[in-house]
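Quick notes on the structure that follows.
When a ligand or atom number is given, it counts from 1 through the structure's own listing order. In this text, all values refer to a predicted model and were calculated from it rather than measured experimentally.
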Amino acid sequence: MLHYNIAIRPDPMPSNRPVPPVRASARIAEVRYEIRGDLARRAAEFEAEGRDIVKLNIGNPGLFGFRVSEHVREAIQANLARSEAYCHQKGILSARLAIVEQLHAHGVGAAHPDRVFIGNGVSELIDLALRALLDPGDEVLLPSPDYPLWSAAATLNGGKPVYYPCPAERRHLPDAGEIEALVTPRTRAIALINPNNPTGAVYSRELLEAIVRVAERHRLVLLSDEIYDEILYDGAAFVPLARLAGNVPCLTFDGLSKVQRACGYRVGWLSLTGAPAALSEIEHGLDLLASLRLCANVPGQWAIAPSLQGEDTISPLTAPGGRLHETRRAVIEACAQSKYLDVVAPQGALYAFPSIRRAAVPGFDPGSARAGKRARRPGLRLQRQLACAFPHHAVAACRPVARCFRPHRARARTRGGQRRPRATSGLMRAEC
Ligand code: PLP
């Protein structure tokens, strides 16, 4: 927790009458974002009490020493003087051309610079896209578990998230038939996160084709969050959805935050593909919304072309011996040794999604309030809260740290008063 040495002095008030609380929008009450919400606040409280909290929940590589390539940083520096004016609402042309070049190289021949929108991270573009698409009560099919911004953005834009399951028993893969069974007259879109946060699942070509057919049959828009597209392990193959979608309206989201480890630059993009006539209203809506915020942060956009055209800096991290590869291996091995945890080996992204073996943890019932009271240890209390956010899984994600996740060695006193390590399998500790 941060402590500021600033005293708050109330400004002189015109009157001393009590001021009633200012009411926040009812829409906010519906929204949860645990990464920076109640759970994070609770962790900060424990930290303030002097507890050692290992944070496993955020894919912010820069915080853990992963760096952006020097030539990308230099491109921003070199172009700062050219970044002082607003640019086009869709973003600077050289960056959009580089994005299209990369999409073409990935087999998405329909990509076009006029149909690319650059935003302040994928986060902004998810919000803009759902705002352009949804009317009150419209439904969006989302994966469960999802990256919570998708649920939040759907709700804040008047929509209703409807979840299709991606259970561990199926290696966290969705089923096209189950997705189709959830379609109603109010359904507008199917959102995919591939490779997936938080499960690490990577979807096969056959599965994606089946989902495209569902969208085609029911005239739904495909929303494909591919921000982890090049973070792959053990030879997993990523297939861009837009390559398979043909005329079906498809919005693909990507950015610099993960593959280029440049979260703080706030650079993402959205590419529209599919029959132009089918997408013209959405394209117009997006153009309007993008114009209302004038443009995305300009300096960061100069990082796009050198990132996409420069050398591949992610494969050395995901290949055997690379830091991401070894971290993932350590998580898988630690879970395999644990008598409390199971995990489906992630095929991509920066996360793992272990589940707690209920039988091995008697009394651990994420749905029960008594479980929270019984769990006096902060770790267990936090795990309970995580469990409420992700009902079937008590531990949400792993973070990208090297030499991470060894079985935690609790300290115990020997007879002579010397401390010696005692292995307690199941508790994991990050070492970085
Ligand atoms: N989509 C997914 C699946 C993510 O995991 C994240 C960040 O963790 C984002 C989008 C947000 O990306 P950005 O930093 O580009 O806003």
- prompt: Judged by non-hydrogen atoms, does Gly255 sit under 4.0 Å from ligand 1?
  reply: no
Note: Val122, heavy atoms under 4.0 Å from ligand 1, region reported as both
Side-chain donor/acceptor of Asn157 to backbone N/O of Gly159, under 3.5 Å | no
**Message:** So, regarding Asp225 and ligand 1 (criterion: nitrogen or oxygen to nitrogen or oxygen, under 3.5 Å), is there a contact or not?
**Reply:** yes
Going by the 4.0 angstrom heavy-atom rule, the piece of Ser123 near ligand 1 is both
Checklist entry - Taking the side chain from Ser338 and the backbone from Ala334, do they hold a donor-acceptor pair closer than 3.5 Å? => result no
Walk me through it: do Leu222 and Val248 pass the test side-chain contact (heavy atoms from CB on, under 4.5 Å)?
CA-CA 8 Å; Leu222 291 165; Val248 177; 3.8 Å; yes
Under 4.0 Å from one or more heavy atoms of Arg266, ligand 1 contributes atoms 13 (P), 14 (O), 16 (O)
Rounded to the nearest 0.5 angstrom, the CG-OG distance for Leu270 and Ser224 is 11.0 Å
Exercise. Quick check: does any side chain N or O of Asn297 sit under 3.5 Å from a backbone N or O of Tyr265, one acting as donor and the other as acceptor?
Worked result: yes
One finds that the ligand 1 atoms under 4.0 Å from a non-hydrogen atom of Ile193 are 3 (C)
Honestly, for Tyr228 the part within reach of ligand 1 (heavy atoms, under 4.0 Å) is side chain
**OP:** Take atom CZ of Arg27 as the centre, draw a 6.0 Å sphere, and report whether it contains more than 12 heavy atoms from other residues, nucleotides or ligands.
**Re:** no
**Message:** Check this for me - ligand 1, Cys263, N or O atoms closer than 3.5 angstrom, yes or no?
**Reply:** no
